[in-house]
Amino acid sequence: MLLHAATARGMHELAELDAAIAAPLPISRRIAVLGTAGGVGTSIVAGRAAAVIAARREGHVLLVDADGRGVPAAWHAGALGDRYGDAADPEPPAGIRLLSLVGEQASTSAWWAAASERQRASALSISDWGAPTRERTQEIIALSHVAVIVARAHRDDAQRAIDLAAQVESTGDCLAAIALVDVDGTAHPSIPTLAGLMPVPTVLLPHDRAHARSRHVPLGRLRDASALALLRLAASTVRRASESSGTARLVGRSA
């Protein structure tokens, strides 16, 4: 990040990213994080994005674990202790509120019943849905302002993300963004170019062994490329949330 900020262009981008993340939103916005398959990094994306956003804007970010499988997003946000599995959980980081729906993937009705009131009190809510079924994906899209689609940083997986993004955008109510995650360090060199050609805002998250460690690595100690990618993802998500206008009518809905 210091190297990036050493140039005038880099400093300008960092200032723009900070301003985008901190920009006021018209109402509480619901962000859904969806994976094209299991193990693509939805919890990493949801948790890290929540931490970046909460550190840079007023109001609370509600982080919801609606998947209930694997390492929860709250741990990646730094809210479940230094080492995963610690018996005593600390207070969440400033600006983050947590909601965990224990068990298998939560139904959208259970999620709405548990989260709706808390969402109204937060500037943003970010829900980690893991890799939902096609039917559940439709329900999630209908209840969200933005769907962040997470896929592996490979060409075939990127195509699946594009297809799902097109489905999201066709509703006219929910907007899409894409996070391509180099989970295992095998992304093809052409992937950054591909990310720049995607039809919706797309961010490539480079491989970072810190995300797989049993001990939490704070945002400030991630690789510079990882930290910059997370800033870009958080800014894209907030921008999309500001642009979305369709699902505000659902705020008072009972699912």
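The structure presented is a predicted model; accordingly, all values stated were derived computationally and were not measured. No hydrogens, no waters, no symmetry mates; every other heavy atom, side chains included, goes into these values.
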(message) Within the 4.5 Å heavy-atom criterion, are W111 and V64 side-chain neighbours or not?
(response) yes

(request) For H211 and W75, work out which heavy atoms get closest and say how close. (result) O-CZ3, 4.5 Å

(message) When you compare the side chain of I53 with that of I126, does any pair of heavy atoms fall below 4.5 Å?
(response) yes

(message) Would you say D157 and T36 are linked by a side-chain donor-acceptor pair, where the criterion is simply a distance under 3.5 Å?
(response) no

(request) Would you check, one step at a time, whether the test side-chain contact (heavy atoms from CB on, under 4.5 Å) holds for L230 with L228? (result) CA-CA 5 Å; L230 287 167; L228 180 58; over 6 Å; no

(request) Would you please say whether a donor-acceptor pair under 3.5 Å links the side chains of Q167 and D163? (result) no

(request) Heavy atoms only: give me the nearest H76-R48 pair and the separation to one decimal. (result) O-CD, 3.4 Å

(message) Can you tell me how far apart CE (M198) and CD1 (I162) are? Round to the nearest 0.5 Å.
(response) 4.0 Å

(request) Please check if the side chain of R97 supplies one atom and the backbone of V61 the other of a donor-acceptor pair under 3.5 Å. (result) no

(request) Can you see which heavy atom on V146 is nearest to which on T237, and at what distance? (result) CG2-O, 4.3 Å

(message) Within this structure, what is the CD1-CD1 distance for the pair I141 and I149, rounded to the nearest 0.5 Å?
(response) 7.0 Å

(message) For E169, is there an ion pair with R240 - N to carboxylate O distance below 4.0 angstrom?
(response) yes

(request) Provide the closest heavy-atom pair for L124 versus A241 in the form atom of the first, atom of the second, distance. (result) CD2-CB, 4.3 Å

(request) Determine yes or no for a side-chain-to-main-chain donor-acceptor pair under 3.5 angstrom, with T137 supplying the side chain and T133 the backbone. (result) yes

(request) Would you indicate whether the side-chain heavy atoms of R118 and L99 approach each other to under 4.5 Å? (result) yes

(request) Look only at the side chain of R57 and the backbone of I21, and say whether a donor-acceptor pair between them is shorter than 3.5 Å. (result) yes

(request) Report yes if some heavy atom in the side chain of L34 is under 4.5 Å from a heavy atom in the side chain of V150; otherwise report no. (result) no

(message) Between R223 and R209, is there a side-chain heavy-atom distance shorter than 4.5 Å?
(response) no

(message) Minimum heavy-atom separation for A115 and L62, please, with both atom names.
(response) O-CD2, 4.2 Å

(message) Once rounded to the nearest 0.5 Å, what's the spacing between atom CD1 of I178 and atom OG of S236?
(response) 11.0 Å

(message) If I take atom NE2 from residue H188 and atom OG1 from residue T193, how far apart are they, to the nearest 0.5 angstrom?
(response) 10.5 Å

(request) With the side chain counted from C-beta on, respond yes when D184 and R152 share a heavy-atom pair under 4.5 Å apart, and no when they do not. (result) yes

(message) Donor-acceptor check, side chain of H145 to backbone of R29, threshold 3.5 angstrom: yes or no?
(response) no

(request) Kindly indicate whether the side chain of R56, heavy atoms from C-beta on, has any atom under 4.5 Å from the side chain of D18. (result) yes

(request) Taking atom types as modelled, find out whether T186 and H154 have a side-chain donor-acceptor pair closer than 3.5 angstrom. (result) yes

(message) Any non-hydrogen side-chain atom of T42 less than 4.5 Å from a side-chain atom of W129?
(response) no

(message) With a 4.0 Å cut-off on N to O distance, would you call E139 and R136 a salt bridge?
(response) no

(message) Would you compute the distance between atom NE2 of H60 and atom CG of L98 and round it to the nearest 0.5 angstrom?
(response) 10.5 Å

(request) Measure across D182 and P206 and return the closest heavy-atom pair with its distance rounded to 0.1 Å. (result) CB-C, 4.0 Å

